[in-house]
Amino acid sequence: MRDNKPSRTALKVALNIVTLGAKPGMENILPPGIVQASQELLLASGVVGPRTISLAGSRRAVSVYEAFDWMLPGQFEAFAHRKAFFERQVRESIGDGANQVLVLGAGYDTLGWRLAPEYDEVSFFEIDHPATACLKSKGIASMGKRKNLYLIAEDLGKRQLAKVLNDNTSWSQNARTVILAEGLVMYLLPEAVSKLFRQCAEMVSGGSRFAFSYIPTGADGRIDAGRWTGLMLWLQKLVGEPWTWSILPEELGPFLISSGWEMAPELSGKPGRHGVEFYAVAAK
Ligand SMILES: C[S@@+](CC[C@H](N)C(=O)[O-])C[C@H]1O[C@@H](n2cnc3c(N)ncnc32)[C@H](O)[C@@H]1O
C-alpha cells in the first residue's frame, strides 16, 4: 500500500457502514451502535467533514450504491454482514473464555472501542499501518480512550507481527485470543500472508481462533471477484491498494495446517460468498 497515505479502502468501509445505516432493515443486521460510532470516529479523526458524513448517511447514497450493485452483486450489504460476522466471532470467543482480542488491519473499525467497556476484563489490540492508525488514534483520543484498548501503528508488511506484539507489555502469548483480519489479507503479499498466519499461531494459546475474510482464486488461477474482476483489480491498483493475495477455497485447509491452524467450519456459520469475499475461521 502507499506509504504515507491513509487507507482509502478503510475509509470506504467506514463510510459504507454510515450509508448502510440509512437503509431500512439494516438495523437488524448491523451491530448495535456501529453507525453512530463510525460517524463519530471519522469526524474526530479528521478524515472527513460533517458534509461527507451527512451525504454518506442519506437515502441518495443508498440509491447510488444500489445502482452499482450489478458490478459487485451483494457487496454493499455484504459490509453489514461482515461487521456482524466478526463481532459475533468476538462475542462467542469471549463467551468461550477468550480474554484477548487482536484486530489486524483495523482501519476505522469501531469494534474495539465499542466492546472494550462491555468486556473490561478483556484486552483489545488493534494494528494498522501508521498512516491510518495515527489518524484513528487522534479520533479515539477525542471520543474517549478505553483503558483496555491498545492501538498499535505498524506496517505488517515490513515488521514481524511477533516483534510488534512482544514490544507491547500488555500482550500475553499465553492468552486465549480471538484474532480478526477483516478485509486485510488480500492487500498483503503471499509471503507476508503465510508469515502472518504462522506468527499469529505462535503468539496465542490453544483454544484461540482466527477469523478472516478472503477473496478466492478462480479456476483460471487469477483472483476471482466476479464478472468485473479485471476492472476491480485495476481500480484497487489505482487507489494504491492493489489486491495481491487470494487462495482456492479447497487449498485453504492445507494452507492453514501448514501455518499452525486448523479450519473450523463449525465456527464460521453458513458458507458461501458475501459480495466478493468468503469468511473463514481457523482454530488452534
Ligand atoms: C479494506 S481496509 C479494512 C479495514 C477494517 N478491517 C474494516 O474492515 O473496517 C484494509 C486495512 O488494512 C490495512 N493494511 C493494509 N496493508 C497493511 C499493512 N501492510 N500493515 C498494516 N495494515 C495494513 C489498511 O491500512 C486498512 O486499514
Sequence neighbours excluded - ring pair (Phe, Tyr, Trp, His ring centres under 6.0 Å) pairs with any residue from residues 48-67: Y65-F76
Check this for me, if you would: do E202 and R198 make a salt bridge, where the nitrogen-to-carboxylate-oxygen distance has to be below 4.0 angstrom? no
Can you sort out the partners of R146 under side-chain hydrogen bond (donor to acceptor under 3.5 Å, both in side chains), two or more places apart, ordered by chain and number? none
Residue pairs involving residues 170-181 (criterion salt bridge (charged side-chain N to carboxylate O under 4.0 Å, His left out); sequence neighbours excluded): none
Partners passing side chain to side chain contact (heavy atoms under 4.5 Å, CB included) against A175 (at least two apart in sequence or in another chain): N99, Q100, S172, T177
For S170, which residues count as a side chain to side chain contact (heavy atoms under 4.5 Å, CB included) partner, sequence neighbours excluded? F125, Y150, N168
Pairs satisfying salt bridge (charged side-chain N to carboxylate O under 4.0 Å, His left out), at least one member in residues 49-71, at least two apart: K23-E66
Restricting to ring pair (Phe, Tyr, Trp, His ring centres under 6.0 Å), what partner residues turn up for W261, sequence neighbours left out? F210
Taking the six-membered ring for Trp, are W228 and W70 parallel (under 30°), tilted (30 to 60°) or perpendicular (over 60°)? perpendicular
Quick one: list whatever passes side chain to side chain contact (heavy atoms under 4.5 Å, CB included) with L43, sequence neighbours left out. P50, I53
Identify, with sequence neighbours excluded, every residue that meets side chain to side chain contact (heavy atoms under 4.5 Å, CB included) alongside T217. S246, L248
Per the ring pair (Phe, Tyr, Trp, His ring centres under 6.0 Å) rule, what does the pair list look like for residues 31-60, sequence neighbours excluded? none
Which ring pair (Phe, Tyr, Trp, His ring centres under 6.0 Å) pairs, counting each pair once, include a residue from residues 15-38, with sequence neighbours left out? none
Heavy-atom pair with the smallest gap, counting every atom of A201 and G260: CB-O, 3.8 Å
Under the ring pair (Phe, Tyr, Trp, His ring centres under 6.0 Å) rule, collect the residues that match up with F255, sequence neighbours excluded. F197, W245
